Amino acid sequence: MGSEKKSDRGIRIAIDRGGTFTDCVGNPGTGKMEDDVIIKLLSEDPANYEDAPLEGIRRLLSKFAGREIPRGEPLDTSAIESIRMGTTVATNALLERKGEDIAMVVTKGFRDCLEIGNQSRPDIFDLAIRKPEVLYKKVVEVDERVTLEDYAEDPTRHVTSAESVDQAGADADLVRGLSGEAVRILKRPREDEIRAQLQAAYDEGFRSVAVCLMHGYTYPAHEALVGRLAKEVGFAHVSLSHELMPMIKLVPRATSACADAYLTPAIKKYISGFEAGFAGGLGTESVKKQGAAGGARCEFMQSDGGLVDVKIFSGLKAILSGPAGGVVGYALTSYDPETRTPVIGFDMGGTSTDVSRYGAGRYDHVFETTTAGVTIQSPQLDINTVAAGGGSRLFWRNGLFVVGPESASAHPGPACYRKGGPLTITDANLFLGRLLPDFFPKIFGKNENEGLDAEASEARFKELAAEINKEVAGGNKEKEMSMDEVAYGFVKIANETMTRPIRSLTEARGHDTSKHRLATFGGAGGQHAVAIAEALGISQILIHRYSSVLSAYGMALADVVDERQEPESKVWSDDDQEVRGYLQSKMKDLKEKSAASLRDQGFTDEQIVFEEYLNLRYRGTESALMVVKPSEEDEREEYGGDDWAFGKAFVKQHEQEFGFTLPDRDIIVDDVRARGIGKTFEGLEKTVDQQLREIKPKDLAKGEKQYGSRPVYFEGGRQDTPIYKLEDISVGDRIQGPAILADGTQTIVVTPGASALLINTHVVINIGESDGQDKKVDTKEVDPIMLSIFAHRFMAIAEQMGRALQKTSVSTNVKERLDYSCALFDADGGLVANAPHLPVHLGSMSTCVRKQAEIWKGKLKRGDVLVSNHPMYGGTHLPDITVITPAFSGDKIVFYVASRAHHADIGGILPGSMPPYSRELFQEGAAIKSEKLVSEGHFNEKRITELLHTEPAQWPECSGTRCLADNLNDLKAQIAANQKGINLISALIEDYGEDVVEFYMKNIQDNAELSVKTLLKQVSKRFEGQDLSAVDFMDDGSPIKLKVSIDAEEGEAVFDFTGTGPEVYGNINAPEAVTYSAIIYCLRCLISEDIPLNQGCLKPIHVKIPKKSFLSPSDKAAVVGGNVLTSQRVTDVVLKAFRACAASQGDCNNLTFGFGGNLAGADEVAGFGYYETIAGGSGAGPTWDGTSGVHTHMTNTRITDAEVFERRYPVVLREFSLRAGSGGKGQHPGGDGVVRDIEFRIPVQVSILSERRVFRPYGLEGGEDAECGLNIWVRQVERRDKNADDVDGVEDLAEGMVEYRHVNMGAKNTASMKPGERIIVNTPGGGGWGKVGLESKASKGADPKLAWRKGSVAARQETAEASA
C-alpha cells in the first residue's frame, strides 16, 4: 500500500463506497503490496448487511485476526492504525434531492438569485427549458446592504483609502474589507427584525440554514451577525458563505452555502451510524483520549484530493469524494517526478467515464464546478464526466450511429445483465469477444448466481442490425452490414465521443495531448484504452495492478489537507517590496492557521508541507490563474533566485495557457491561498520509469502461459486471440497483440500492433503503428459508421479552431464570454460544421462565405484571407466580424474555414456599437463589404485601420472604433484560428484522401437534409396537409407574416414571408441571413434530436422574403436591433405557425451604459462601456410549463454576477428578482420575467434597446398572454415649490427640493443619468398554453447528464453556448 509512516497499531484500511460496488483495501501494517487484502462487495445488500464499508472492515479484521468476527459485534479499534474513506453519500443525496430541508438567508432584492442563476439555459435547442431545482425550501430576505466604493473600470484608477473595521470603529460607513477594497455600508441590519424572521423559519420546522449576503466575501460582519442569531434561535446547522469559500461571486457562493447546509446534516447522520459500529470511537480526538487502548484515526476523502478528519468532514467538500481517490491513485502511482511525463486519467466504470489530468507534480484544481445541477465554489479536482461508461446506450438515429448520453444505469443495466435492459457499450464489447463472461462476477439472474447473458446481447444486435440494414441497404444484400460491423461501429463512435472532451481538457490548458501517458482504471477502461490512446496520439498506457479498486487504493496513498483562502485586490509588482511584504504576511498568517489545524489532527511540524498560491489575472479580464509558488529548482533556473516570483510565473503560465501576455496591463491579486499538507505517504518503492529502466522484457512464446483463446473482432474482422490470466504471467513477460489479459475485476484488450509488458505495479501497453489496417474508405457508397465518425471529426475541427481563437484573442467578449463561432464549409460555401452552436450564426455564416466566394471567384491565392461584416453580405450586425480563409489543393479551392467574433466596439454614435436609436447603418460603426485582410501572407494593417478607425469617424456625430488594438489582436486571433482549421483538415485529408473528405462533407449535409425532410412529412401528416400560417407585430406595428406550405411527398417546404412590413427608419431591420438562422434554429428544436447542423438543414426549405421589407432591407438601413430583437420575433412566428409553443419574451432587453469616445474633431475621452442582455419568461408548451428568468431562443448570454458587476462598474444593483405574475396563465403557465433595478453612482449615458413593450407575448391553445415589459427611469427632478406639502420620496437638499419621478423610457431610448438615478427593467413573461383549469400534462424529462461531474470541459462548453 506504499510506504507510510509506521505505527504500533498496524492495520490500515482504505475504502471507496461507489454507486454499485464498495472496494476495500487492507494492509496488516507491513506496508508491502504483496500483503494487501482486497475485498469487493455490493454497496447495497440489505438482506445481508446494513452498511457496506462497515461490512468490508469486519471482513478485513476477521482475515487479519484469523477468526470470524460476528456481524453486529462492535469492531475493536485498538489494532487499527487508520481508516480512510471516500463516499457517495453526498452525491447521492444531491442527485436524489434527499438532503436536509433548508432555508436560505440572502440580501433584500436577491431572493431569486439562485433560481435565475446566470440566466442561461442548459440545452439551447430544448423548448421545454429545464433548469435544476434549487436546494432551499424557504428564502429569508435581510434588509442590509454594502457595496464597493471604487470600480475596476475607472479610467483614473482611483483608490479610496479606508481603515479596517477594528481601526475605523463599528459605526464607520466606510471600511477596508478583507480583500483590501474600500467597502461602503449602505444599510445596517436590525437584529430584532432578523431574529423574528429566523424564529419564523425555525417555527416552520427548519433546522439548517445557509447564509450568503452581498459582498460577504470581503465584509463578513453582517453574515456573522445572522449566523450568531441563527444559533441563538436554535438552528442545528448554520453554513456561512464567507467561512466556506471567501471568493467573489454571489451566485456560486450562495449555492455552495446551500449545498453545505443541505448535505452536511446527511453526512453527519451517516457518520454517526458508521461510528456506532466501533468500540472505542473514531477520529483524532478519540485516539488522543484513549491512547493505545482504542480509538482509530478516521479520515474522509474531500473533493480536492486531500483527506480530512472525520469530525470536520462537511457536505460542501464531499461531492467528489469517491472519484477524487481514483485521481490520487493514478497520480501517485503513474507520475514520475524525475521524467515529469504528464498523465491523463481515464476512469471508465459501469455508469460513467471520467477524465482528469496530472502534471508538474500537482493536482489540477477548479474552483467552480457543477454536479447534479448544483454549481459549487470550492477547490475541487478537475474531474470531467465525458460519457455514461459501459452503460452508455446505443441508438440508430437519423442515419447515424449514436452512443449515449443516456445510460442503462445499474438497474436494469445492459441487456446482458439479465434484467431486460437496453443495448449498451458493454453488450457491444461482449458480443465482439472483448469481454469474457468467465472472468465476470456471477451476480446476475433471479438468484444472483448467473454470469453475463451473451445470447441476450446477440439477440438485440440482430434486431438492430436488421433495422439499420433495412434503411441503409434497402434489400441489397451486398450493402448489408454484419452484426460484427454494427457492434464495432458503436465501439468506434463511443471512442470518438470520448476523445473530443479529452482533447479539450488538455488543449484548452495549452498542453499537447500526445505528450501524455494514459492511465486507465475502472472496470471498462481496459477495453477502450488502446483505441483512445491511438486517437489522441498517445504511445503508452499504464494500467495499475489495482486498477479496478484504484479509488480505494488512492485513499490509502493520500495526504491530509487543510485549505485556507482569503480575498485580495492588490496590484502585483515585482519591484514593490511593500506589496510583496504585505502578501507574504497574509500568506504566513494562513499557513499558521493551517498548521495549527494539522497539528490538532496529530501531525508534527516535520510532516507538514505547504503549497502557496496567488490567484492572479490581468486588469480588465476575468481569466484568473491560480499560480503556485515556483519550486526551488525553477526559482534558480528560471527566475534568477527570486523566491517569490509569482508575477513571472503568472506571465509564463498565461503565455502557455492563452498564447499571449499583456505586458502593459496591471496584474491583480484576487486571492491568497495556502494548502497545508499533512504527509502520510512517502512515495512508492520504485516509479514506473525506474522499473522500466531496470526490467529486461521477455517475449512469451505462442501458447506459453496461455489460459485459452477465442475469436475477437478487431478492425477488419475476427482474429483468434490468446487469453491470459493476469495472475499467471510474471514480471518482465511481454505479450504481443492481439491478446486479452484478465482477472476477476478487469479485462484488458491489447490490439494488433500493440504489446503489453508486466512490471511490478502495472501492465504497460506500448502502442505500435496503429492496428495494421489502411484507412482506405470507399466513396461509392455511404458507410453510416464513417459518416458518424466524420460528423464527430468535423465538429472536433470547429471546436479546436474555437479553442485556438479563444487562446490567442485578448478581448473579454471572445476570451471570457466566448462570443464567437468557428466553422468549416465545402468548396461552394455550404456549411459543414459549426461550433459552438450560436443559433444566430447558424444560417448566416454560410450566406457570408458563399457571397465572398462568388465575389472573389478565380482571384484568390494561397495566403489570402477575407474580412466582412456588412448585413447585405451575410452579416448579422456590425460588431460580428467574419474572417474567411480558403484552403487550396494545387490551384483549386477545396474548402473554406471561417471565424466570426463579436468585437466590443467598431465605432458609431455610441460606445459598444449597439445604439438603441440608430436610423442609418453608418451610425452603428464600420461596415465592411468585402476586403482582403491578408494578401498572400501579408497582414494589411493600414487598410483595416482605415476601415475600423478612420472611415467611421467621417460620419456626423460618429467615432471610429474605441479599442483598435483589441480589434487588431482579435482579427489576428481569427486568422490564426482559421489556419488551425486548415491544418487539421489537411491532416484529415492526408489520413483519408481528398476525395473521401469531400465525399463525407457532402454526405453529412445530405444526412441533415434527410432529417428535416422526415420532420416536414410528420408535420404535414399532423396538420392533414393544411398550410400553416402565423403573424405577429413588432412594437412599432410592423407585421411579420408567414405562410408555410409543405410538399408531403418530397418532404420540402416553402416559408413565405409575403405581407411582412416595409423597411423601417429605425434599427429593427434584419438582414436576410438572420431569418435563415431563425429557421434553422426552429427546425432543430422541432426535430428534438441531436442532428448535424449544416447547410443540409436548409436544402428542403425554400424561403421567400419580400425585397425592401424589414426582413430584407437596403444596404444603408440600420440593423442593430434586427439581430437581437427581430430574430426573436421571427422565431416566435415560425414556432407559432407550427403550433409548437406559446411566445417567449421575444426580446433580449439590451442594456448599455458608459461614457467616453473619440468623436470627429474632438479630443478622445477615456471611459468605459458595458453591455448586457436580460432574461425573461419562456413560453409554455403542450407538455411543459414555461420557465422563469431565463434566456430564450436566439440568445443565451450569461448575466454578470451581482458582486462582479458592482466591483467592475459604478453601480448598485438594488434588485434582481423574478417578476411574479408576469407569465401567461394556462393549463401550463408561462414563465415569469425579471425585475432588474440598477442605481448609478456617477453620471453615465444609459441606453435600452428592447421589444414586447406594446404587444404582449401570446398564449396558445387557450392559454393567456403574458405581461409586456416596462423600462422605468427613476429620475431626480428639482422642485421649485419649497412650501409644497411633503411628498413621498422628497429630500431637503441645500439648493432646493428634489423628488424622484418614475418615467417610462419606452422600448428604445437613451438618457444621461445622474448619480443616484436608476433604471428598472421589467422584462416580459412567456405565454401560457391551454385553458386555465384543465389538468396539467407537464412532465419533467430526466436529464441523462444530471449525474455527470462537470469540471473545466463542461464549463467551457456551457460558456460557449451561453454567448449567443
Side-chain angles (χ1 to χ4, degrees), residues 121 123-129 398 831 834 837-844 846-847 876 1008-1009 1011-1020 1022-1023 1027-1032 1040-1046 1051-1057 1060 1070 1072-1105 1111 1122-1148 1178-1182 1184 1191-1196 1257-1258 1260 1326-1327 1329 1361 1364:
R121 60 193 189 278
D123 178 350
I124 48 180
F125 298 114
D126 190 352
L127 295 174
I129 297 168
N398 302 313
L831 177 68
N834 169 287
H837 292 320
L838 298 194
V840 81
H841 291 177
L842 282 173
S844 56
S846 116
T847 314
T876 46
E1009 181 182 358
S1011 301
V1012 173
K1013 283 184 168 180
T1014 308
L1015 167 79
L1016 292 170
K1017 287 175 183 174
Q1018 288 165 352
V1019 169
S1020 176
R1022 182 156 60 96
F1023 289 101
D1027 284 350
L1028 314 176
S1029 63
V1031 65
D1032 200 356
I1040 297 177
K1041 207 167 182 183
L1042 170 65
K1043 186 171 100 179
V1044 181
S1045 312
I1046 300 175
E1052 293 180 352
V1054 176
F1055 281 60
D1056 185 351
F1057 287 90
T1060 292
E1072 285 191 6
V1074 168
T1075 298
Y1076 283 102
S1077 292
I1079 292 170
I1080 281 198
Y1081 165 78
C1082 291
L1083 292 171
R1084 168 63 184 81
C1085 289
L1086 294 168
I1087 289 171
S1088 76
E1089 275 179 11
D1090 209 359
I1091 62 163
L1093 286 169
N1094 57 43
Q1095 208 58 42
C1097 295
L1098 283 174
K1099 279 187 186 164
I1101 306 291
H1102 308 284
V1103 183
K1104 288 185 183 170
I1105 303 176
L1111 296 184
N1123 193 49
V1124 290
L1125 303 177
T1126 313
S1127 63
Q1128 294 283 48
R1129 200 59 56 81
V1130 173
T1131 307
D1132 274 346
V1133 170
V1134 174
L1135 293 171
K1136 186 179 185 181
F1138 280 85
R1139 314 299 287 171
C1141 61
S1144 291
Q1145 71 158 335
D1147 182 24
C1148 294
S1178 79
W1184 68 87
H1191 259 322
T1192 54
H1193 302 324
M1194 302 299 276
T1195 186
N1196 200 27
Y1258 56 79
L1260 270 189
W1329 177 284
E1361 289 182 352

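Values below: all heavy atoms of this structure, side chains included; hydrogens, waters and symmetry mates excluded. Just so you know, these numbers come straight off a predicted model, no measurement behind them.
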Least distance between heavy atoms, G1051 atom then K1013 atom: O-CG, 3.1 Å
Over 12 non-hydrogen atoms of neighbours within 6.0 angstrom of NZ in K1041: no
Check: R121 main-chain N/O paired with N1196 side-chain donor or acceptor under 3.5 Å: yes
Note, I1079 side chain near L1098 side chain (heavy atom, < 4.5 Å): yes
Option among L1028, L1086, V1044 that satisfies the side chain to side chain contact (heavy atoms under 4.5 Å, CB included) test with V1019: L1028
Nearest-0.5 Å distance, CD1 of residue I1046 to CZ of residue F1023: 8.0 Å
Distance in Å, T1131 OG1 paired with D1032 CG, rounded so as to fall on 0.5 Å steps: 11.5 Å
Polar side-chain atom of S1029 near backbone of L1042 as donor-acceptor pair, under 3.5 Å: no
Spacing of CE belonging to M1194 relative to SG belonging to C1082, to within rounding of 0.5 Å: 7.5 Å
Intermediate values then yes/no, side chain to side chain contact (heavy atoms under 4.5 Å, CB included), D1147 and L1125: CA-CA 5 Å; D1147 182 24; L1125 303 177; 3.1 Å; yes
Over all atoms of both residues, closest heavy-atom pair of C1148 and Q1128: SG-NE2, 3.8 Å
Between CG on residue L831 and CD1 on residue I1080, distance to nearest 0.5 Å: 7.0 Å
Spacing of I1105 atom CD1 and T1075 atom OG1 [to the nearest 0.5 Å]: 4.0 Å
Audit row: I1040, D1132, side chain to side chain contact (heavy atoms under 4.5 Å, CB included) steps and yes/no: CA-CA 10 Å; I1040 297 177; D1132 274 346; over 6 Å; no
By side-chain hydrogen bond (donor to acceptor under 3.5 Å, both in side chains) - contacts of E1072 (at least two apart): K1107, S1112
Full working for side chain to side chain contact (heavy atoms under 4.5 Å, CB included) between L1135 and L127: CA-CA 10 Å; L1135 293 171; L127 295 174; 4.0 Å; yes
Approximate separation, where rounding is to 0.5 Å, of T876 OG1 and Y1076 OH: 15.5 Å
S1178 to I129 - nearest heavy-atom pair and separation: CB-CD1, 3.7 Å
Residues that Y1081 engages under ring-ring contact (aromatic ring centres under 6.0 Å, His included), provided they are two or more places apart: F125, H1193
Evaluation steps, side chain to side chain contact (heavy atoms under 4.5 Å, CB included), between V1074 and V1130: CA-CA 9 Å; V1074 168; V1130 173; 5.8 Å; no
Heavy-atom closest contact (L1260 atom, C1141 atom, distance): CD1-O, 3.3 Å
Nearest non-hydrogen partners of G1179 and S1144, listed with the distance: N-OG, 2.9 Å
Residues, nucleotides or ligands: over 12 heavy atoms within 6.0 Å of K1099 NZ: yes
4.5 Å side-chain heavy-atom contact, H1191 and Q1145: yes
Taking every non-hydrogen atom, the tightest pair across I1101 and C1097: CG1-O, 3.8 Å
Expected output: side-chain S1127 to main-chain N1123 donor-acceptor under 3.5 Å: yes
